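As structure tokens, the structure follows; a few thoughts come after it.
When a ligand or atom number is given, it counts from 1 through the structure's own listing order. Computed from a predicted model, the values in this text were never measured in an experiment.
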Amino acid sequence: MTMTNPQQIAAQIATMRERLASAAQRVGRDPAAVTLIAVTKTHPPAAVLAALAANITDMGENRVQEAVEKAAQLEAEQATLRWHLIGHLQRNKAKQAAALFAMIHSLDSLRLAETLSHHAQELRSTPLPVLLQVNVSGEASKEGFDLPGGVEHEALPQFREQVAQIATLPGIRIEGLMTIAPIVAVPEQARPVFRALRLLRDDLAATLPGLALHQLSMGMSDDAEVAVEEGATMVRLGRAVFGTRG
Ligand SMILES: *Cc1c(COP(=O)(O)O)cnc(C)c1O
């Protein structure tokens, strides 16, 4: 059931903060190194305000149009809110995306990177932070650069080459990687996917030393704790914060 009750949302956020902090501590990580992104897709501006009241400033949306409309309704909070695009971006929406979002998690092709670079240069005074979405699980339905198994895959050299090319584009700055784990019966089964993304990040950091790949955006409501244990710096929580959608 969807929630807009601020007390209920604050309680969910407090619970998730504790669980994420415990997960970080289990593996000797600083809990402050994990950003909780509240995924507000399908939820009204009131839900955004409730999350904001609980000190969440990072909001995730998967569609540009919905985010633009919601942001317009939250004009008064514009200076505080950081919108993250977590869904697939079409090139014809790149201009609007470059204007609104604090970070694009779903950069999935060189062509899209070129288009974003063009618009970001015109619209922004500082580079637009982007994450490269990688399909490390190999599921056919998943968006992202296809690299099932991550560093084990034979296409690794071509992927590194594409990353190097994207890194040369002005107006955008690669800050890390993002992935979506498959739906599994128990969260533990998602661990190899998260580990593969971290190992891929480590490979890129070693082979492209000019890049600062700090961010690993991975983990959703059902598997965020496992993702934090595997090094997530950003988890994207929808249902765990706002209840089920629609
Ligand atoms: C919807 C969505 C989420 C949040 O999913 P929950 O299971 O509700 O936490 C996270 N990441 C992406 C890319 C999404 O589209």
message: Under the criterion side chain to side chain contact (heavy atoms under 4.5 Å, CB included), I'd like the reasoning laid out for Leu36 against Leu237: C-alpha separation, chi angles, the key distance, then a yes or no.
response: CA-CA 7 Å; Leu36 193 169; Leu237 304 182; 3.8 Å; yes
Are the side chain of [X] and the backbone N or O of [Y] linked by a donor-acceptor pair below 3.5 Å?
X      : Y      : answer
Gln189 : Ala185 : yes
Ser106 : Gly87  : yes
Asp223 : Val226 : no

query: With sequence neighbours left out, which residue pairs that include part of residues 197-206 fulfil the side-chain hydrogen bond (donor to acceptor under 3.5 Å, both in side chains) condition?
result: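 Listed once each, the pairs are Arg160-Asp203, Arg198-Glu230.
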field: Lys/Arg N to Asp/Glu carboxylate O, Lys142 vs Glu139, below 4.0 Å
entry: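 Counted as a salt bridge, because a side-chain N and a carboxylate O are separated by less than 4.0 Å.
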- request: List, ordered by chain and residue number, the protein residues whose closest non-hydrogen atom lies under 4.0 Å from any atom of ligand 1.
  value: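 Residues near ligand 1: Val39, Lys41, Ile86, Ile180, Met220, Ser221, Arg236, Leu237, Gly238, Arg239, Arg245.
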